[in-house]
Amino acid sequence: MRIPVATYRIQFNPSFDFEAAKVIVKYLAELGISDIYASPIFKSRTGSTHGYDVVNPNQINPELGSQEKFAELALEIQNYEIGWLQDIVPNHMAFNSQNHILIDVLENGPESQYRDYFDIDWNHPYEGIRGRVLAPFLGKFYGDCLESGELKIQYSQNGLTVNYYDHQFPIRIESYTQVLTYDIGRLRNKLGRNNPDFVKFQGVLYSLKYIPSGSEGRERYDQISFIKGMLWELWNDNSDIKEFIEENINTFNGVPGKPESFDLLDKLLSDQYFRLSFWKVGNEELNYRRFFTVNDLISVRVEDDKFFYTSHGLILEMLKEQKFTGLRIDHIDGLYDPAQYLNRLREKADAPYIVVEKILEPDEDLPVNWPVQGTTGYDFLNYVNGLLCDNSNEQEFSQIYSRFIRGSSNYEQLVDENQRLIINKHLAGDIDNLAHLLKDISSKYRYASDFTTFGLKAALEEVMSVFPVYRTYISKEGVSKADRECIQGVIATTKERIRTFIDELLNELNFIEKFLLLEFDEYLNQEDKDKWLHFVMRLQQFTGPLMAKGVEDTVLYIYNRLISLNEVGSTPSKFGISIDEFHGFNQHRIAYWPHAMNGTSTHDTKRGEDVRTRINVLSEIPEEWESYLKKWQEINAPHKDCVGGLDVPSPNDEYFLYQTLLGAFPFDESEYPTFVERIKEYIIKAIREAKVNTGWLRPDCGYESSLIKFVESLLKDSEENEFLAAFRPLQRKVQHYGILNSLSQTFLKITSPGVPDIYQGTELWNLSLVDPDNRRPVDFEKRAEFIQEIKTKIESDILGLIEELLPTPETGKIKMFLTYQALQARREYVELFQRGDYQKLIVMGSLKDHIVAFSRKWGDSTAIIIAPRLLTKLVQEGEYPLGEQVWHETRICLPSGSSLVWKNVITQQELESEQEDTLWIRDVLSHFPVALLINEGGETSNASDVDN
């Protein structure tokens with residue numbers, strides 16, 4: 001198996017295609033990247049900016065380039081001995097007319113050869129969508145869309161469709177008769193009964209009466225093809241037939257203002273295998289599983305053998321040809337049986353490097369039976385981020401937040417409230433489906449036959465709202481110890497919560513607990529047990545979306561105490577971590593998942609990595625933070641509007657905004673106008689996600705426009721702007737200490753156990769916000785120039801280079817220099833960093849809490865990693881934590897049996913320990929703020945070569 005040394009995430013899109021990627025391969029190799037990490041490259045919906053809305057997983061996306069361009073890129077990558085880690089999407093596809101598999105299902109319904117490919121409940125209890133697929137894409141109620149003429153029949157070579165703007169839905173072949181026979185006498189009179197083309201047309205109509213079905217599937221497709229071919233031929237060859245069909249289509253399309261003129265189209269649509277509806281219906285009544293709550297992403301049944309091989313054909317071929325050397329599995333928790341999928345993939349794909357996108361809660365571990373190398377790195381991100389937050393100031397920071405928003409904000413309570421909001425507003429249809437499934441099964445169970453659907457649904461909602469993890473992994477293999485403890489804890493918590501107001505649900509909860517733990521009664525037959533298991537595995541697919549929408553996409557925009565901690569997979573109520581907790585995480589990593597990814601920015605993170613490190617600085621200076629808050633609030637009070645009796649922005653939104661401005665404020669003044677526009681776009685997205693003062697379902701235009709006006713007042717670029725003058729002093733301070741935090745974060749990512757991942761462009765400063773802001777174009781030409789300059793100066797005068805970099809951090813070269821040097825060390829000492837052990841080093845002295853130090857050892861090679869933290873009290877603004885005047889007597893205890901002589905590969909200086917068991921930080925951090933010391937077993941050194 002090829003284990004990457006370091007990966008580099010590339011966001012492919014029509015503006016950055018295969019040809020553009022080919023240009024940067026040389027640069028990536030020079031930087032020290034061993035593997036590109038590609039966003040989905042398979043055919044997606046036209047114009048897709050991310051590639052997760054796949055329409056054909058067996059075709060390379062033509063918008064990214066031709067097959068030839070892809071082959072050229074693959075060859076270029078192989079020429080530089082770079083691997084290719086490919087992001088794949090096994091959980092869902094686009095609900096779109098470009099998805100030919102789905103279109104076949106919508107056209108042929110249960111008769112489709114692909115009917116089992118998508119996660120559709122064809123036997124839904126609601127008659128209106130039984131045997132049909134709900135299509136919730138209308139911008140208003142169905143009747144309004146119909147009678148306003150927004151739904152139109154069209155005809156093309158592929159047949160009849162009903163179109164709603166860009167959406168096209170195929171008309172089932174059996175109902176063509178309604179359009180083609182309408183006023184047929186008109187055509188017969190015009191052509192004559194014996195006209196050869198009219199006879200052919202009659203043959204088409206005759207064929208429509210006898211469409212094969214069921215076991216005659218192949219014959220059905222052949223006849224449909226014949227009918228469509230004949231009809232298209234007649235359309236092109238006979239202008240009278242073409243005119244007849246066009247006139248009928250116009251008649252069916254109706255006349256706005258005449259409701260009765262739409263009766264024909266209404267009847268035709270009622271005969272289809274899909275049901276068009278207002279988009280909000282999808283939140284309350286639904287018979288297909290979505291990706292989270294996104295209507296136009298329909299989930300697939302990858303557990304089905306046929307679909308697995310159909311959808312993974314190209315992926316497996318690419319792995320076999322070594323064009324892909326690894327896979328990143330998107331949203332593993334959405335799958336029916338993740339372990340089954342991963343085992344099948346591992347069996348068919350030989351031995352690629354595989355990581356999974358998986359959110360781990362505190363104290364949760366990845367299932368040990370999964371044949372993967374680990375997660376994509378959100379767990380590492382939150383640990384290294386927490387390390388840079390001063391947790392000793394938690395209480396004071398909480399009080400500042402409460403005083404500013406004029407109230408308390410309890411994280412756990414917010415999670416509970418918003419999980420319930422998502423259940424009731426966004427996942428109501430999905431949970432309703434689960435309740436009906438549970439009712440169907442329980443009705444055959446003697447101890448639960450009296451339970452009502454209402455009671456079971458209420459109990460399910462209570463259980464799901466307190467789930468502490470994204471999901472459990474109960475399967476036909478049984479219930480693991482971790483899952484059993486989780487379920488028992490969930491039921492106990494739920495019982496405790498409901499005792500005060502819903503005692504009557506206790507029986508249902510006992511039943512659900514028995515269900516979830518697969519505690520079958522002896523008399524149950526295998527069919528009943530299979531249904532029981534199916535419900536449990538089905539339920540597990542929905543706890544993840546609930547957590548993602550309730551916490552990630554809601555609470556993380558409401559609980560704003562310190563927004564740098566509000567990240568994917570985080571627990572914002574935990575205000576930072578200790579150094580020992582960070583070491584404990586890394587020691588667990590090295591023992592169980594040594595090749596998992598270390599991420600600090602991804603396409604899904606809420607903020608860029610350097611935005612977070614700036615905001616973390618506030619945790620160190622709570623008194624100063626509050627002083628500035630009061631000043632800004634007073635200055636900006638006149639800029640607030642009153643909407644519906646409330647000042648805009650609300651105190652919580654205002655608090656959020658100030659942190660955002662501190663985190664994302666640009667280094668370069670030329671970027672300021674763009675920055676203002678970015679903030680305006682971002683703040684609207686953020687408050688809609690919060691769902692407090694406005695939302696996606698019901699935007700409050702008054703609140704939003706007043707907030708935009710407030711932002712414009714704050715950021716107006718003029719000498720009269722009192723706020724900017726009062727804002728800049730703290731902004732500059734936070735910026736400087738944020739730089740120091742970023743250097744430590746970057747360094748720890750590259751040197752800790754795991755595979756470091758660099759998100760595109762983040763080798764320089766990354767001040768992006770949530771997507772789409774973090775998908776802006778990257779200036780690779782500038783980066784290629786910088787790396788050449790850095791390499792040249794390293795070879796000629798590295799200390800001189802460092803002296804140039806320290807006073808000018810705004811260019812980002814200092815971050816690129818560190819990234820380059822650390823990656824070169826990883827490449828040179830591959831086994832040391834991939835297989836070496838991990839030992840926490842003891843730090844002594846008055847400043848021991850400001851140093852993170854550990855060692856890695858493999859064979860005769862040892863590395864010592866030293867990074868500082870929490871520096872606002874150690875150095876002045878503009879200074880670096882270097883030398884004796886900062887570190888005094890602070891020192892580390894060396895690993896037993898260590899050499900006296902070390903080489904700092906960041907600065908390329910040798911260092912000799914004054915004592916056999918001690919290294920002084922003042923000596924180690926004399927030129928650069930972090931240090932990577934390497935020793936390969938030597939014990940002595942020529943004193944003239946030693947730099948103290």
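In this structure, CD on Gln909 lies 12.5 Å from CG on Asp923, to the nearest 0.5 angstrom. The distance from the NZ atom of Lys631 to the CG atom of Leu730 is 9.5 Å, given to the nearest 0.5 Å. Taking CG of Leu714 as the reference point, atom CG of Leu724 lies at 7.5 Å (rounded to 0.5 Å). For the atom pair SG of Cys893 and CG of Leu841, the computed distance is 8.5 Å after rounding to the nearest 0.5 Å. Residue Phe380 holds its CZ atom at 10.5 Å from CG of Asn385, rounded to the nearest 0.5 Å. Taking CG of Asn774 as the start and CG of Asp604 as the end, the distance is 8.0 Å to the nearest 0.5 Å.
Within 6.0 Å of OH on Tyr672 lie more than 12 heavy atoms contributed by other residues, nucleotides or ligands.
Side chain to side chain, Gln11 and Arg9 meet the donor-acceptor criterion of an N or O pair below 3.5 Å. Counting only N and O atoms by type, the side chains of Thr862 and Asn935 include no donor and acceptor under 3.5 Å apart. Inspection of the Tyr8 and Glu763 side chains reveals an N or O donor paired with an N or O acceptor under 3.5 Å. Between the side chains of His588 and Asp365, at least one donor N or O sits under 3.5 Å from an acceptor N or O. Counting only N and O atoms by type, the side chains of Asp87 and Ser39 include no donor and acceptor under 3.5 Å apart. In this model, no donor atom of one side chain and acceptor atom of the other lie less than 3.5 Å apart for Asn586 and Tyr383. Thr600 and Lys749 are linked by a side-chain donor-acceptor pair at a separation below 3.5 angstrom, with hydrogens and angles left out of the test. A donor atom on one side chain and an acceptor atom on the other are found under 3.5 Å apart for Asp610 and Ser742. Arg561 and Ser398 share a side-chain donor-acceptor pair at under 3.5 Å. A donor atom on one side chain and an acceptor atom on the other are found under 3.5 Å apart for Arg728 and Gln731. Side chain to side chain, Asn766 and Ser768 meet the donor-acceptor criterion of an N or O pair below 3.5 Å. Counting only N and O atoms by type, the side chains of Ser619 and Asn393 include no donor and acceptor under 3.5 Å apart.
Leu932 approaches Ala825 most closely through the heavy-atom pair CD2-CB, 3.6 Å. Taking all atoms of both residues into account, the shortest heavy-atom contact from Ile615 to Gly663 is CG1-CA, 3.9 Å. Annotation for Leu556 and Ser570: closest pair CD2-OG, 4.2 Å, computed over non-hydrogen atoms. Scanning both residues, Phe854 and Ser752, for their nearest heavy atoms gives CZ-OG, 3.9 Å. The shortest non-hydrogen separation linking Leu565 to Pro572 is O-CG, 3.9 Å. Residue Lys606 comes nearest to Glu567 through the heavy atom pair N-OE2, 2.7 Å, listed as atom of the first residue, atom of the second, then distance.
In terms of modelled atom types and a separation under 3.5 Å, the side chain of Trp902 and the main chain of Val924 share no donor-acceptor contact. Side-chain atoms of Thr808 come within 3.5 Å of backbone N or O of Glu804 as a donor-acceptor pair. Glu357 places no side-chain N or O within donor-acceptor distance of the main-chain N or O of Asp330, the cut-off being under 3.5 Å. Of the possible polar contacts, none joining the Gln760 side chain to the Ile10 backbone as a donor-acceptor pair under 3.5 Å is found. Looking at Thr762, its side chain never comes within 3.5 Å of a backbone N or O of Ile758 through a donor-acceptor pair. Side chain of Asn418 to backbone of Ile558: no donor-acceptor contact under 3.5 angstrom is found. In this structure a side-chain-to-backbone donor-acceptor pair under 3.5 Å is present from Arg607 to Ile563. Distance alone, capped at 3.5 Å, places no donor-acceptor pair between the Gln735 side chain and the Arg732 backbone.
Here the two rings, on Tyr655 and Phe404, have centers that are under 6.0 Å apart. Between Tyr658 and Phe727, the distance separating the two ring centers is not shorter than 6.0 angstrom. For Tyr37 and Tyr759, the gap between ring centers reaches or exceeds 6.0 Å.
For Lys873 and Glu620, the salt-bridge test fails: no basic side-chain N is under 4.0 Å from an acidic carboxylate O. A salt bridge links Glu609 to Lys815: one of the charged nitrogens lies within less than 4.0 Å of a carboxylate oxygen. With respect to the salt-bridge test (charged N to carboxylate O, under 4.0 angstrom), the residues Asp837 and Arg856 do not qualify.
For residues 875-894, the side-chain hydrogen bond (donor to acceptor under 3.5 Å, both in side chains) pairs, not counting sequence neighbours, are Ser846-Glu889. Applying the salt bridge (charged side-chain N to carboxylate O under 4.0 Å, His left out) test to pairs two or more places apart or on separate chains, those with a residue in residues 764-775 are Arg678-Asp773, Lys685-Asp771, Asp771-Arg775, Asp773-Arg776. Sorted by first then second residue, the salt bridge (charged side-chain N to carboxylate O under 4.0 Å, His left out) pairs that include residues 579-592, not counting sequence neighbours, are Asp379-Arg589, Lys574-Glu581, Asp580-Lys840.
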Under the side chain to side chain contact (heavy atoms under 4.5 Å, CB included) rule, what do Val930 and Ser744 come out as? Steps first, then yes or no, please.
CA-CA 7 Å; Val930 301; Ser744 290; 4.2 Å; yes
Hey, mind stepping through Met816 and Arg783 against side chain to side chain contact (heavy atoms under 4.5 Å, CB included) and telling me if it holds?
CA-CA 9 Å; Met816 178 179 277; Arg783 284 161 175 77; 3.9 Å; yes
Might you work through the side chain to side chain contact (heavy atoms under 4.5 Å, CB included) test for Val356 and Thr376, ending with a clear yes or no?
CA-CA 6 Å; Val356 293; Thr376 53; over 6 Å; no
Which is it for Val5 and Phe833 under the side chain to side chain contact (heavy atoms under 4.5 Å, CB included) test, yes or no, and what are the steps along the way?
CA-CA 9 Å; Val5 173; Phe833 285 100; over 6 Å; no
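Using a 30° and 60° split on the angle between ring planes, Phe397 and Trp625 fall in the parallel class, below 30°.
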